[in-house]
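To keep things clear, I will list the structure first and then write my remarks on it.
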Amino acid sequence: MNGSFESERAPEPVGAFPHAKRVGDLLFLSGIGPRQRGSKEIPGVMLDEAGNVISYNLEAQCHAVFENVRLVLEDSGATWQDIIDVTVFLTNMKKDFPIYNRLYAEYFAGTGKPNPTRTTVEVGALPTPIAIELKVIAAVG
């Protein structure tokens with residue numbers, strides 16, 4: 001079964017693309033950030049009047065992005081355990097990697113967790129004032 005999926009629970013995509021696309025037994029999630037559906041608020045982010053980031057809490061963003069990934073997976077017919085690969089985009093590797101790595105282990109690594117392959121890269125910016133985005137591939141059958 002091939003097709004595109006839109007979650008009614010996860011935040012709306014910031015562009016003209018679906019939340020996920022299934023091709024055969026693989027489900028490819030578009031980049032998922034920590035925004036909240038409807039309000040587009042970003043947990044743990046303080047913005048100035050011009051929309052520039054004053055400060056952010058990466059831990060709050062991590063919990064939110066993991067929840068958004070879970071929602072898209074479920075609404076696309078997959079589960080957290082189906083995750084086989086994660087690409088992580090951070091805007092500040094030096095500052096944020098230790099926090100992200102600790103939380104990643106809690107959600108992804110170890111007995112009873114999906115234990116996917118992972119790539120983590122630093123990017124200069126993301127499309128909205130977020131500090132983290134995940135790109136996920138899951139195996140569904």
Side-chain angles (χ1 to χ4, degrees), residues 1-48 50-141:
M1 178 173 93
N2 296 340
S4 296
F5 298 92
E6 296 291 333
S7 170
E8 293 187 8
R9 300 183 296 158
E12 302 86 347
V14 296
F17 52 85
H19 280 117
K21 183 156 187 119
R22 182 171 176 174
V23 179
D25 290 339
L26 295 176
L27 181 68
F28 299 88
L29 274 62
S30 295
I32 306 287
R35 292 179 305 110
Q36 296 177 351
R37 184 171 186 89
S39 70
K40 298 190 188 311
E41 288 185 29
I42 302 166
V45 172
M46 287 190 70
L47 302 174
D48 64 16
N52 299 309
V53 176
I54 296 170
S55 66
Y56 66 92
N57 178 322
L58 187 75
E59 188 161 341
Q61 287 194 41
C62 284
H63 290 298
V65 77
F66 296 159
E67 175 65 8
N68 289 340
V69 166
R70 183 187 66 78
L71 294 172
V72 171
L73 286 168
E74 289 177 358
D75 291 351
S76 302
T79 70
W80 193 259
Q81 293 296 14
D82 295 325
I83 297 172
I84 58 173
D85 184 70
V86 176
T87 302
V88 183
F89 303 95
L90 295 173
T91 58
N92 188 331
M93 185 76 74
K94 185 174 183 176
K95 176 181 171 225
D96 295 339
F97 184 79
I99 297 164
Y100 171 75
N101 205 40
R102 174 179 52 81
L103 293 170
Y104 180 92
E106 291 176 20
Y107 282 80
F108 291 92
T111 305
K113 298 189 180 147
N115 296 295
T117 57
R118 181 183 92 182
T119 302
T120 305
V121 296
E122 181 178 59
V123 295
L126 290 162
T128 59
I130 58 177
I132 182 171
E133 183 175 280
L134 264 62
K135 174 87 176 98
V136 174
I137 301 171
V140 292

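What you see is a predicted model; the values in this text were computed from it and never measured. Heavy-atom basis, side chains included; hydrogens, waters and symmetry copies ignored.
Remark: Asn57 CG to Ile42 CD1 distance equals 12.5 Å, nearest 0.5 Å. With rounding to the nearest 0.5 angstrom, the OG atom of Ser7 is 5.5 Å from the NE2 atom of His19. Interatomic distance, CZ of Arg70 versus CD1 of Ile32, reported as 12.5 Å (0.5 Å rounding).
By the 4.5 Å heavy-atom criterion applied to side chains, Glu6 and Glu12 are not counted as neighbours. Side-chain contact between Pro129 and Leu47 is present, with heavy atoms from C-beta onward closer than 4.5 Å. Leu73 places a side-chain heavy atom less than 4.5 Å from the side chain of Leu27. Inter-residue side-chain proximity for Ile130 and Val45 is flagged as unmet; no heavy-atom pair is nearer than 4.5 Å. With a 4.5 Å cut-off on side-chain heavy atoms, Leu90 and Thr120 count as touching. Between Val140 and Leu26, every side-chain heavy-atom pair lies at or beyond the 4.5 Å cut-off. Side chains of Phe5 and Arg22 form a contact here, defined as non-hydrogen atoms less than 4.5 Å apart.
Across all their heavy atoms, Ser4 and Lys21 have their closest contact at OG-NZ, 3.6 Å. Nearest approach of Ile84 to Ala139, heavy atoms of both residues: CG2-CB, 3.9 Å. When all heavy atoms are compared, the tightest approach of Pro13 to Pro18 is CG-C, 4.5 Å.
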Report the C-alpha distance between His63 and Tyr107 in whole Å, list the side-chain angles of each, state the deciding distance to 0.1 Å, and finish with yes or no for side-chain contact (heavy atoms from CB on, under 4.5 Å).
CA-CA 9 Å; His63 290 298; Tyr107 282 80; 2.7 Å; yes
Applying side-chain contact (heavy atoms from CB on, under 4.5 Å), run through Leu134 and Thr87 and close with a yes or a no.
CA-CA 6 Å; Leu134 264 62; Thr87 302; over 6 Å; no
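For the salt bridge (Lys or Arg N to Asp or Glu O under 4.0 Å) condition, no pair includes a residue of residues 110-135, sequence neighbours left out. Sorted by first then second residue, the side-chain hydrogen bond (donor to acceptor under 3.5 Å, both in side chains) pairs that include residues 26-39, not counting sequence neighbours, number zero.
No donor-acceptor pair closer than 3.5 Å links the side chain of Asp85 to the backbone N or O of Ile137. Of the possible donor and acceptor atoms, none in the side chain of Asp75 sits under 3.5 Å from a partner among the backbone N and O of Val72. Judged purely by atom type and a 3.5 angstrom limit, Glu67 has no side-chain atom pairing as donor or acceptor with the backbone of Cys62. Under a 3.5 Å cut-off, the side chain of Asn68 and the backbone N or O of Gly33 do form a donor-acceptor pair. Panel note: side chain Ser76, backbone Ala78; no donor-acceptor pair is recorded below 3.5 Å.
Residues forming a side chain to side chain donor-acceptor pair (under 3.5 Å) with Thr119 (at least two apart in sequence, or on another chain): none.
Checking each of Leu126, Asn92, Val88, Asp96 against Ile132 for a side chain to side chain contact (heavy atoms under 4.5 Å, CB included) leaves exactly one that passes, namely Val88.
Note: Tyr104 and Phe108 have parallel aromatic rings, judged against thresholds of 30 and 60 degrees for the angle between ring planes. Using a 30° and 60° split on the angle between ring planes, Trp80 and Phe66 fall in the perpendicular class, above 60°.
Residue-environment remark: CE (Met46) stays at or below the threshold of 12 foreign heavy atoms within 6.0 Å.
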